[in-house]
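For reference, the structure discussed in these notes is given below.
On a predicted model such as this, the values are computed, not experimentally measured, just so you know.
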Amino acid sequence: MADGAKITNLADLRKLKQPKKPETSGEAQDARMRVVVGLGTCGIAAGGRAILERVVEELAKRGAADVSVETMGCIGLCPGEPLMEVIGADGSRVTYGNLTPQDIPRIVDEHILGGRVVADKILDTSCPS
């Protein structure tokens with residue numbers, strides 16, 4: 001079911017419910033890095049499925065089978081959707097927000113494969129003073 005397509009029957013709804021575990025996804029315990037895409041209601045509405053599909057596609061193109069791709073529900077940062085968190089083997093976490101599928105190749109190349117955080121795509125979660 002394409003992102004943005006309407007749900008017209010129960011089968012369409014069940015397709016959305018099915019978790020995607022791509023073949024290119026490393027197992028979480030063996031992964032050198034985890035990528036977690038927000039797929040709560042707000043994330044899906046903002047285009048999170050397209051982000052997930054693009055992450056899987058870009059990692060597969062680069063043969064990055066040691067990166068686990070997972071999903072999460074809503075974490076309460078709805079204005080920043082679609083969200084994606086990159087978690088390093090050392091436990092470090094970077095949350096990217098307001099993503100488009102066009103942002104994903106750069107994040108994969110620079111951060112996931114190159115180790116350099118893409119600062120202009122980090123979600124600002126600071127409280128205004």
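Considering only residues two or more places apart in sequence or on other chains, Thr100 meets the side chain to side chain donor-acceptor pair (under 3.5 Å) condition with Gln102, Asp103. Applying the side chain to side chain contact (heavy atoms under 4.5 Å, CB included) criterion to Asp109, with sequence neighbours excluded, gives Arg62, Leu113.
Looking at Leu99 and Ile107, their side chains come closer than 4.5 Å, going by heavy atoms from C-beta outward. Within the 4.5 Å cutoff, side-chain heavy atoms of Arg34 are placed close to those of Glu70. Within the 4.5 Å cutoff, no side-chain heavy atoms of Met33 are placed close to those of Ile87. Put simply, the side chain of Arg32 reaches to within 4.5 Å of the side chain of Ile112, judged on heavy atoms. Residues Val37 and Pro82 fail the side-chain proximity criterion, which asks for heavy atoms closer than 4.5 Å. Side-chain atoms of Val67 and Val35, non-hydrogen and from C-beta on, do get closer than 4.5 Å to each other. Counting heavy atoms from C-beta on, the side chains of Thr95 and Ile122 never come closer than 4.5 Å. Inter-residue side-chain proximity for Val55 and Met84 is flagged as met; some heavy-atom pair is nearer than 4.5 Å.
The minimum heavy-atom distance between Ile44 and Arg49, with the atom names listed, is CD1-NH2, 4.1 Å. When all heavy atoms are compared, the tightest approach of Glu81 to Gly43 is OE1-CA, 3.4 Å.
Atom SG of Cys78 and atom CG of Leu83 lie 8.5 Å apart (nearest 0.5 Å). Of the inter-residue distances, the one linking Glu53 atom CD with Glu58 atom CD reads 12.5 Å to the nearest 0.5 angstrom. Rounding to the nearest 0.5 Å gives a distance of 11.5 Å between CG of Asn98 and CG of Asp120.
Panel note: side chain Arg54, backbone Pro101; a donor-acceptor pair is recorded below 3.5 Å. One N or O on the side chain of Tyr96 and one on the backbone of Val118 form a donor-acceptor pair closer than 3.5 Å.
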Pair Leu39-Met72, side chain to side chain contact (heavy atoms under 4.5 Å, CB included): steps then yes or no: CA-CA 6 Å; Leu39 286 184; Met72 67 180 159; over 6 Å; no
task: For the pair Glu85 and Arg93, evaluate salt bridge (charged side-chain N to carboxylate O under 4.0 Å, His left out) and give the outcome as yes or no after the intermediate values.
output: CA-CA 7 Å; Glu85 190 168 45; Arg93 294 174 177 259; 2.9 Å; yes
